[in-house]
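Along the sequence shown, the residues carry numbers beginning at 1. Treat the numbers as computed from the prediction; the structure is a model and nothing was measured. Worth knowing before you read on, the calculation uses all heavy atoms, side chains too, and leaves out hydrogens, waters and symmetry mates.
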Amino acid sequence: MRKTPPEEMLHSLLLRTPKFRPVSSHLRSSIQKPSSNSLPPSPHPPFLLRFRTAYREKIHYLKNLGIIDSNLRNPNPPSHEDMDQILSIINYLKSQGFSDSEIPRLASSCPNLFTSNLDPSDISPVFEFLTVDLSATIEESRGLILFCPQILFSNVDYCLRPTLMYLKDIGLERLNLPTNLNAHLLNTRVSKLEVKMEFLQSIGFEYDEAKKACTRLPPMFGYSIENNLRPKFEYLVGEMRRSIEELKVFPQYFAFSLKKRIVPRHLHLKQRGLSVSLKRMLLWGDQKFYAKWK
């Protein structure tokens, strides 16, 4: 049996209405009138039938999208009004270029997006920011949100716009491209970005040098200072006996694993009495590196 796609399922809700055949005069004459003591038939059965059918199909539709857990035997389904509110969010997202196949990904990574407490007007400012301030196309906006759905809950005036201005000021460009890095950078508050700049200045970078380093290695904004940046810096100047100037030339040093790349290669060169630039030491693949310095 062919499985009905979610979009066809929802569309059918709008088209399905009960059909009635006219009653013939012969049949009408054979119908007995109810006695005065009997209760009149309910005037609402057709409406209730449509309501119940629509309700069941909406539940099925939301289960197919992963918004309601289909594995639960006795789920606590939302009310009819709550479902309509959730469907309004889905319809708004679809108007912004999202497909039914992408909704489960959003529901999995950001379930708060599909609750009765949210209204399309709550997230529309973010779409406007992406289109107007960031100059992103519909496809680019969609891609950025898929990489970081939490961006939809960020305040435009207090987070997104100041962050965009800060990133542009230090020299980052093409932030509209839908990459995982861009999406998470845009959703990072300026105060957290400034901490990484302050760390670089604390170890000997001038402000402009720190800006240049972050521009050359934007993922640095996401690195932990205590678990990444500081241990690598201390190993560089302590064990490797290298100067901060080398780090200014090759800030990408921070992108390599300390245990798996930096330490083994440093020790390999040290045992052979060799000294090479950080770039040659780290950029080459294992085969080329160990073949060059046997």
Side-chain angles (χ1 to χ4, degrees), residues 129-130 133-136 144 147-148 150-151 153-267 269-270 274-284 289:
F129 162 80
L130 295 173
D133 296 66
L134 192 61
S135 299
L144 289 167
F147 277 119
C148 183
Q150 292 77 13
I151 198 174
F153 294 94
S154 292
N155 185 282
V156 172
D157 293 327
Y158 293 102
C159 181
L160 297 181
R161 190 170 289 124
T163 294
L164 176 61
M165 294 175 62
Y166 183 85
L167 294 173
K168 285 184 174 181
D169 180 66
I170 67 172
L172 288 181
E173 301 176 344
R174 304 176 70 185
L175 292 165
N176 59 302
L177 295 183
T179 65
N180 186 55
L181 174 62
N182 283 347
H184 285 87
L185 280 178
L186 289 169
N187 199 42
T188 304
R189 290 188 176 274
V190 171
S191 58
K192 291 186 177 181
L193 300 175
E194 290 176 332
V195 169
K196 306 304 164 56
M197 291 281 290
E198 292 169 357
F199 169 77
L200 292 177
Q201 291 175 271
S202 73
I203 63 174
F205 282 72
E206 297 294 334
Y207 179 75
D208 287 341
E209 292 173 333
K211 285 173 55 176
K212 185 177 180 181
C214 290
T215 301
R216 295 176 63 187
L217 186 64
M220 192 187 308
F221 283 118
Y223 296 164
S224 166
I225 291 178
E226 298 306 320
N227 298 323
N228 190 320
L229 300 179
R230 193 182 304 281
K232 291 176 181 177
F233 169 70
E234 291 176 349
Y235 190 82
L236 178 80
V237 298
E239 297 296 329
M240 298 173 67
R241 304 293 181 183
R242 295 189 183 242
S243 71
I244 189 66
E245 298 304 319
E246 289 192 73
L247 194 55
K248 294 177 182 179
V249 173
F250 189 68
Q252 292 88 340
Y253 165 83
F254 285 122
F256 294 93
S257 169
L258 183 60
K259 293 182 179 180
K260 296 181 180 180
R261 191 86 157 198
I262 298 173
V263 172
R265 293 197 176 186
H266 165 67
L267 295 177
L269 294 172
K270 183 179 180 180
L274 299 172
S275 178
V276 300
S277 68
L278 287 177
K279 184 175 182 179
R280 295 183 72 188
M281 170 183 160
L282 297 172
L283 277 184
W284 289 4
F289 175 83

Start with the C-alpha gap between Ile262 and Met281, add the side-chain angles, then the distance that decides, and say whether side-chain contact (heavy atoms from CB on, under 4.5 Å) holds. CA-CA 8 Å; Ile262 298 173; Met281 170 183 160; 4.3 Å; yes

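Listed for the His184 side chain is a donor-acceptor partner under 3.5 Å among the backbone atoms of Asn180. Side-chain N or O atoms of Lys248 include one that pairs as donor or acceptor with a backbone N or O of Gly204 at under 3.5 Å. In this structure, the side chain of Lys232 engages the main chain of Phe256 through a donor-acceptor pair within 3.5 Å. Side-chain atoms of Asn187 never come within 3.5 Å of backbone atoms of Ser154 as a donor-acceptor pair (strictly under, hydrogens ignored). In this structure, the side chain of Lys196 engages the main chain of Tyr223 through a donor-acceptor pair within 3.5 Å. Arg242 contributes no side-chain N or O that, together with a main-chain N or O of Leu236, makes up a donor-acceptor pair within less than 3.5 Å. Using a distance-only test at 3.5 Å, with no hydrogens or angles considered, no donor-acceptor pair links the side chain of Arg189 to the main chain of Thr163. With hydrogens and angles ignored, the 3.5 Å screen pairs a side-chain donor or acceptor of Thr215 with a backbone N or O of Ile170.
Between Phe221 and Thr188, the closest side-chain pair of non-hydrogen atoms is not below 4.5 Å. Between Leu181 and Pro218 the shortest side-chain heavy-atom distance falls below 4.5 Å. At least one side-chain heavy atom of Val237 sits under 4.5 Å from a side-chain heavy atom of Phe233. Between Asn228 and Leu258 the shortest side-chain heavy-atom distance does not fall below 4.5 Å. Counting heavy atoms from C-beta on, the side chains of Phe147 and Asn182 never come closer than 4.5 Å. Here the side chains of Leu144 and Ile151 are not in contact, with every heavy-atom distance at 4.5 Å or above.
Here the CD atom belonging to Gln252 is positioned 9.5 Å from the CG atom belonging to Leu247, to the nearest 0.5 angstrom. For the atom pair CG of Leu186 and CG of Leu134, the computed distance is 5.5 Å after rounding to the nearest 0.5 Å. Taken to the nearest 0.5 Å, the CZ atom of Arg265 stands 12.5 Å off from the CZ atom of Arg280. In this structure, CD in Glu239 is found 6.5 Å from NE2 in His266, a value given to the nearest 0.5 Å. Atom NZ of Lys212 sits about 14.0 Å away from atom CG of Leu217, to the nearest 0.5 Å. In this structure, the separation between CG on Leu172 and OH on Tyr166 is 10.0 Å, given to the nearest 0.5 Å.
When only modelled atom types and interatomic distance are considered, Asn176 and Ser135 share no side-chain donor-acceptor pair under 3.5 Å.
Taking both residues in full, the closest heavy atoms of Leu229 and Phe199 are given as CB-CE2, 3.6 Å, listed atom of the first, atom of the second, then distance. Annotation for Gln201 and Ala210: closest pair CG-CB, 4.4 Å, computed over non-hydrogen atoms. Here the closest heavy-atom approach between residue Leu200 and residue Cys214 is recorded as CD1-SG, 3.8 Å.
Judged by the 6.0 Å and 45° rule, Arg161 forms no cation-pi pair with Phe129.
Crowding of Glu206 atom CD: a count of heavy atoms from other residues, nucleotides or ligands under 6.0 Å not exceeding 12.
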